[in-house]
Amino acid sequence: MEPGGLRNGDRPGLPPGPGPGRQPSRTGGVLVLLAPAARFQSGRDVRKEGGRRGGRGFAACDMNPPLVEIADLGRHAGETVTLRGWLCGRRFGGGIAFLHLRDGTGVCQCVVEAAAAEAFAAAAALTLESALSVTGAARADDRAPGGYELTVRDLALIHAAPPYPIARKEHGVDFLMSHRHLWLRSRRPVAVLRVRDTLVRACRAFFEARGFTLVDTPILVPGAGEDASTLFPVEYFDRRLFLAQTGQLYLESACMALGKVYAFGPTFRAEKSKTRRHLTEFWMIEPEVAFAELDDVIELAEDLVCCVVERVLREREPELRVLGRDPERLRAVRKPFPRLTYSEAAERLRSPGLLKTLEDEFQRDRSRLAAWMAELEELERRLRGLSRPAARERIERQIAERREEIAELEQDLSNRPGHIASAQSFAWGSDLGGSDETILSRQFDRPVFVTHYPVRAKAFYMKQCAEDPRLVLNMDLLAPEGYGEIVGGSQREDNLDVLLRRMTEKGLRPEDYDWYLDLRRYGSVPHGGFGLGIERTLTWLCGLRHVRETIPFPRTRGRVYP
RNA sequence: UCCGCGGUAGCUCAAUGGUAGAGCGGGUGGCUGUUAACCACUAGGUUGCAGGUUCGAGCCCUGCCCGCGGAGCCA
């Protein structure tokens, strides 16, 4: 079990109370609504239904209340309107019911009083996530979450749900992921998906504004690639193909035709990684530009990230707050981003100054852990002295939260000495490890570029540095706060002979790439591009712990359901 | 592939080798302004699977399955 559970924390729950069939005498009206014919009718045309059944007033002047989305409710204060949606929370007093209706645009508290006898009986029988339409007077009310509420006159059940599995309390990751198809309805996943939408739109708008052409690259590709062990094999009639892990080689071809191109699509990695940063299926935005050198590629990535951050801040601040993300952290993301060469990064990792910083930090965190443990003991002691369930529950919640934080910090601390040692003994020539990236990126308040990696750590298509042939003209962009690499790119090798040599060194067969080599035969020009990982970027923007929350249906090594 | 942690009620978790429990959720009753409502009552279990040690195993041992996150690798 992962330390601690994911807090659902956003699902207005179903308090203990009446359910279907509970009070036959009171739910008589509802049973009628549940009959197939009635259900069909209300589903067919809710507006007519609401107006007709309402009788009073509307029948006389032959008007149906307008169908309104919850987000627009404020513009209809004082009017009688109809809302449709799903029941996402309910509280029930003896003679009053509070229904929280969710329609995808917002949540509205609908108040049903005993005076509206039929609607009140219907409300008594509602289960969480049932679909319904309600008609009544909209009005502003400070007591309502969202500021507006509806006094219900008519309530029509569109579909009655059986007891809903996702409760308002916290659930474990495994449970929530197994119910991802329903979990998506909760506030938190909705917020993440909205930021994702904005992120993708921002990227598209960015490239469109700069004259890029969208080019789709194939998903089924012949073996080749870089390392076949990281590709998913696919049976393709009588041969073996693979799911693409990048569209880059094809984009290089397209950029020689169109100048500036980009691809946005899924990509697949068969690495057996099981970490919070890995998915086997994820999405990438990949631009590729002709007549571009490394500096141009870096500047493009910098502009893109700034543009995306700016738009997310402009359009999705409420969602960031739902996720507990402090928008101020993102406001620091401005040009220029710091730039380090790989060699400077290596030096930095080995420096005595960094060692001291890391060790101090380690000591501080150990003290913090000790303090938390003491706090936990104190809470547990207090709990033993309490008998009233309500008071106990509050303490128990605090205990659970503390335990979660302690477990996470303990794990972090147990990794820390290894990370520090690995940074200190970092050997020039190898790629930066995840912990090295974390250590580096924590030193800045905005993303940082690391450039000019050793040739042997990088792919064959990256252009070798003219001044120092041990290096390639590449760049990685590390997100701050320890989120790690979100962009990887390079200037591409445009010299046919060098490219052939690099391929041979990497054990690749040039004949498999003949079409790619043609690009260096017919009008080869300096060019380059990069790939930006949508999910990792989103994880950083939203301040999440795990990439799997950023994609509707994550594919990880351990999970392909739902 | 390796290392570590875990699997107990629908969910989240307790339980020195000695009678399997709580909160939430479900059910029943009460309450006309609730905000994760509250109060009372109630049902709910082959402790992941298979062996073993023991008078006695949720707990100890062995093997397996599943999940989690860390390493390697990567965006």
Side-chain angles (χ1 to χ4, degrees), chain A residues 1-19 21-23 89-100 109 111-115 120 127-128 141 143-145 149 162-179 226-227 229-230 245-246 267 269-279 282-286 389-390 392-394 396-397 399-400 403 407-408 410-412 414-415 418-419 422 431-435 437 476-477 479 484-489 530-537 539 545-547 556-559:
Chain A
M1 190 63 222
E2 184 180 352
L6 259 192
R7 178 159 290 268
N8 186 32
D10 51 10
R11 172 135 300 284
L14 191 63
R22 170 194 162 197
Q23 295 161 307
R90 186 190 67 163
R91 255 155 252 111
F92 196 78
I96 189 167
F98 300 96
L99 308 177
H100 286 184
Q109 172 158 287
V111 184
V112 193
E113 292 176 342
F120 188 71
T127 48
L128 208 56
D141 194 314
R143 293 168 296 187
E149 63 181 26
Y164 191 62
I166 299 183
R168 184 168 212 166
K169 298 279 174 162
E170 74 186 306
H171 290 283
V173 184
D174 187 52
F175 178 83
L176 286 173
M177 277 300 166
S178 297
H179 293 79
E226 287 143 66
D227 181 2
S229 71
T230 67
Q245 63 170 356
T246 170
T267 179
R269 303 281 163 98
E271 284 138 13
K272 293 178 179 173
S273 311
K274 286 162 54 169
T275 79
R276 63 180 71 174
R277 299 186 309 281
H278 287 89
L279 297 167
F282 63 97
W283 289 67
M284 235 179 0
I285 286 263
E286 296 177 280
R392 287 182 63 92
E393 204 195 326
R394 209 169 50 84
E396 274 166 359
R397 212 177 299 140
I399 288 177
R403 279 201 182 133
E408 193 160 340
E410 267 180 341
Q411 193 176 32
D412 183 14
S414 73
N415 289 327
H419 291 171
S422 124
D431 208 346
L432 291 175
S435 65
E437 289 181 354
D476 280 356
L477 182 63
E485 185 178 352
I486 55 172
V487 169
F530 62 84
L532 176 142
I534 294 294
E535 287 75 14
R536 281 199 184 169
T537 303
T539 308
R545 262 186 79 245
H546 202 302
V547 277
T556 62
R557 180 143 146 66
R559 181 178 296 282

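Each chain gets a letter, A, B and so on, in the order its sequence line appears, and its residues count up from 1.
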Rounding to an integer number of angstrom, what distance separates [N] and [M] when you compare their [atom1] atoms?
{"N": "B/A40", "M": "B/G25", "atom1": "P", "value": "14 Å"}
{"N": "B/U16", "M": "B/C60", "atom1": "C1'", "value": "13 Å"}
{"N": "B/A22", "M": "B/A50", "atom1": "C1'", "value": "31 Å"}
{"N": "B/G26", "M": "B/G17", "atom1": "C1'", "value": "35 Å"}
{"N": "B/A20", "M": "B/C31", "atom1": "P", "value": "40 Å"}
{"N": "B/U12", "M": "B/G70", "atom1": "C1'", "value": "25 Å"}
{"N": "B/A43", "M": "B/G10", "atom1": "P", "value": "16 Å"}
{"N": "B/G6", "M": "B/C13", "atom1": "P", "value": "13 Å"}

Would you indicate what [X] reaches in the nucleic acid, counting non-hydrogen atoms under 4.0 angstrom: base, sugar-phosphate, or nothing?
{"X": "A/Arg143", "answer": "base"}
{"X": "A/Leu279", "answer": "base"}
{"X": "A/Val487", "answer": "sugar-phosphate"}
{"X": "A/Glu286", "answer": "nothing"}
{"X": "A/Asp476", "answer": "nothing"}

Whole angstroms only, please: what is the [atom1]-[atom2] distance between [X] and [N]?
{"X": "A/Phe175", "N": "B/G7", "atom1": "CZ", "atom2": "C1'", "answer": "16 Å"}
{"X": "A/Ile96", "N": "B/U35", "atom1": "CD1", "atom2": "C1'", "answer": "13 Å"}
{"X": "A/Arg91", "N": "B/G33", "atom1": "CZ", "atom2": "C1'", "answer": "11 Å"}
{"X": "A/His278", "N": "B/A71", "atom1": "NE2", "atom2": "C1'", "answer": "11 Å"}
{"X": "A/His179", "N": "B/G10", "atom1": "NE2", "atom2": "P", "answer": "12 Å"}
{"X": "A/Ile486", "N": "B/A75", "atom1": "CD1", "atom2": "P", "answer": "13 Å"}
{"X": "A/Arg269", "N": "B/C73", "atom1": "CZ", "atom2": "C1'", "answer": "10 Å"}
{"X": "A/Asp431", "N": "B/C73", "atom1": "CG", "atom2": "P", "answer": "7 Å"}

message: Applying side chain to side chain donor-acceptor pair (under 3.5 Å), can you list everything that pairs with A/Glu149, at least two apart in sequence or on another chain?
response: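 For A/Glu149 the side chain to side chain donor-acceptor pair (under 3.5 Å) partners, ignoring immediate neighbours, are A/Gln109, A/Arg139.
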Quick one: [atom1] on [X] to [atom2] on [Y], what's the gap to the nearest 0.5 Å?
{"X": "A/Arg269", "Y": "A/Thr246", "atom1": "CZ", "atom2": "OG1", "value": "7.0 Å"}
{"X": "A/Met284", "Y": "A/Arg536", "atom1": "CE", "atom2": "CZ", "value": "11.0 Å"}
{"X": "A/Arg545", "Y": "A/Arg277", "atom1": "CZ", "atom2": "CZ", "value": "12.5 Å"}

task: Check the geometry between A/Phe98 and B/G33 and answer yes if their rings are stacked (centres below 5.5 Å, planes below 30°), otherwise no.
output: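 Given the distance and angle limits, no, they do not stack.
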Measure distances between side-chain N and O atoms of [X] and base N and O atoms of [N], and say whether any donor-acceptor pair falls under 3.5 Å.
{"X": "A/Glu113", "N": "B/G33", "answer": "no"}
{"X": "A/His171", "N": "B/C11", "answer": "no"}
{"X": "A/Gln109", "N": "B/U34", "answer": "yes"}

- request: Find which nucleotide of RNA chain B each of A/Arg559 and A/Gly533 is nearest to by heavy atoms, and output the residue with the more 5' nucleotide.
  value: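 It is A/Arg559 whose nearest nucleotide is closer to the 5' end.
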query: RNA chain B: A/Val111 or A/Arg557, which has the more 5' nearest nucleotide?
result: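 The answer here is A/Arg557.
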Could you please name the partner base of [N], counting Watson-Crick and G-U wobble pairs only when both distances are under 3.5 Å?
{"N": "B/C49", "value": "B/G63"}
{"N": "B/U35", "value": "none"}
{"N": "B/A71", "value": "B/U1"}
{"N": "B/C41", "value": "B/G27"}
{"N": "B/A15", "value": "none"}

query: Within the structure, does a side-chain N or O atom of A/His419 lie under 4.0 Å from either OP1 or OP2 of B/A71?
result: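 It does, given that an N or O in the side chain of A/His419 lies less than 4.0 Å from OP1 or OP2 of B/A71.
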query: Between A/Arg277 and B/A75, is there a side-chain N or O to OP1/OP2 distance below 4.0 Å?
result: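 It does not, given that no N or O in the side chain of A/Arg277 lies less than 4.0 Å from OP1 or OP2 of B/A75.
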message: By nearest atom, which of the nucleotides B/G33, B/C31, B/G72 is closest to the A/Phe92 side chain?
response: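 Nearest to the side chain of A/Phe92 among the choices is B/C31.
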- prompt: Of the nucleotides B/A75, B/C74, B/U35, which has the atom closest to the A/Met284 side chain?
  reply: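 Of all the options, the side chain of A/Met284 is nearest to B/A75.
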- request: Give a yes or no answer on whether the side chain of A/Gln245 reaches the backbone of A/Thr267 with a donor-acceptor pair at less than 3.5 Å.
  value: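 No, A/Gln245 side chain to A/Thr267 backbone: no donor-acceptor pair under 3.5 Å.
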query: When you measure from the side chain of A/Arg90 to the backbone N and O of A/Leu128, does any donor-acceptor pair fall under 3.5 Å?
result: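 Not confirmed, A/Arg90 side chain does not pair with A/Leu128 backbone.
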- prompt: Does some side-chain heavy atom of A/Glu535 sit less than 4.5 Å from a side-chain heavy atom of A/Trp283?
  reply: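 Touching, per the 4.5 Å side-chain cut-off.
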Side chain to side chain, A/Glu271 and A/Arg557, heavy atoms closer than 4.5 Å: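 A side-chain contact is absent here, since even the closest heavy-atom pair is not under 4.5 Å.
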